[in-house]
Amino acid sequence: MTVHTSTPPALGSSEHIQLTEQWAAHNYHPLPVVLSSGDGAWVTDVDGKRYLDCLAGYSALNFGHRNQRLLAVAHQQLEQLTLTSRAFFNDQLGLFARDLAQMCGKDMVLPMNTGAEAVETALKVARRWGYEVKGVPADQATIIVMDGNFHGRTTTIVSFSTDEVARRHFAPFTTGFRTVPYGNAAALEAAIDHTTVGVLIEPIQGEGGVIIPPEAYLQEVRALCDRHRVLMMADEIQSGLGRTGRTFACDHEQVVPDMYILGKALGGGLYPVSAVVADHDVLGVITPGSHGSTFGGNPLAAALGREVVAMLSTGEIQQRSSELGRQLHDGLEALIGHGVESVRSRGLWAGVDVNPELLSGRQLCESLLARGVLAKDTHGSTIRLAPPLVATEEDIAFLLTAFQSALLDAKTW
Ligand SMILES: *Cc1c(COP(=O)(O)O)cnc(C)c1O
């Protein structure tokens, strides 16, 4: 009897694109590249072409693709136990919660999976804290959010988005939110009243285009929250865990929020892991049955999250981010007047506005793709660069060369 062991021919990139377009909903507009493997800061497509990954999973991949330390932890935990539900204890969650809380200088952790879930958790905690601790009248709690925010995609979160594309035809929306201009402390103070329980803020607005608030603004927000007894809720899902050259973006202003909202890199780019981290007087309002998640705090997530915390504990990766960030910033600044209009950066995280008459952000990303660099435009002619923090000086030089060449090319269009 003949045994046929031959595998069918591998699909090419156009077949994968066609399958995805036909069978997966069109909630994204990806660049035409089909990736099949990754290593550190680099990924390889189905045709064997390599690219420097300058999006890094929106900073979920701060530690790079297939980080060996994280892979080893994942393999070990996969062989032990992966899910218990929170109906029982497991031997990983307590250790993870302790290490993460200590890194944040807080008392306790509420583990979830995705960023949006952690934001939702923070909103619920703030409201309950408002009623039970601050004494806000029943059903009146308000939370202040910022113009240009991005906090995720759930119905409540898009209720206070200011991006019409994210909101259109998803009404009716959740009430109880007030929007103020980002970076304006006077406007924030004017919006606070006796119903205000929290201020939800990105210390740097990532999806907004790496928008850095004016100096001392975060300190002013902290002071206003203290004065009016309002919880400062820092969404560090994208800005945190080394991206800006510090553990948290709030660290640049020596500000400690009441709640850290974490996600993305907390799972090491392997697995969705998110959390809200706060003191007992805040997270203590959550009681059995009032909040939960089937997967939140599972042993695989906890083992990975704990290893991420351990990797941040030496400060090496933060140092690396800030050194490579300086190289990236200097290189991009040298392109101002040569197609680049402005550069905002902190650590290895840059928002670059290019001359819209030269090319759109999308066109620039397509041109970078042809040159072996993956990046993503945000709004119009702004692109964001955030390579994995394990990149090398040579990688950053490669990115800068590709960027310059793409702009030079655009001149002749
Ligand atoms: C990505 C992101 C979120 C949402 O995280 P998901 O895991 O996609 O739900 C929330 N806040 C900020 C600042 C983010 O960058």
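Both ligands and their constituent atoms are indexed starting at 1 by order of listing.
To the nearest 0.5 Å, atoms NZ (Lys106) and CG (Leu100) are separated by 12.0 Å. Annotation: the span from Tyr51 atom OH to Arg371 atom CZ amounts to 13.0 Å, rounded to 0.5 Å.
Taking the ring centre of Phe63 as origin, the terminal cationic atom of Arg69 falls outside the region bounded by 6.0 Å and 45° from the ring axis.
Using the six-membered ring where Trp is involved, Phe177 and Phe160 have ring planes that are tilted, between 30° and 60° apart.
Near ligand 1, residues Thr114, Gly115, Ala116, Phe150, His151, Gly152, Glu202, Asp235, Ile237, Gln238, Lys264 each place a heavy atom inside the 4.0 Å sphere around the ligand atoms.
With Asn298 contributing its side chain and Phe295 its backbone, the two residues share a donor-acceptor pair below 3.5 Å.
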- Item | Steps toward salt bridge (charged side-chain N to carboxylate O under 4.0 Å, His left out) verdict (Arg344, Asp353) | CA-CA 9 Å; Arg344 299 168 296 278; Asp353 303 325; 2.8 Å; yes

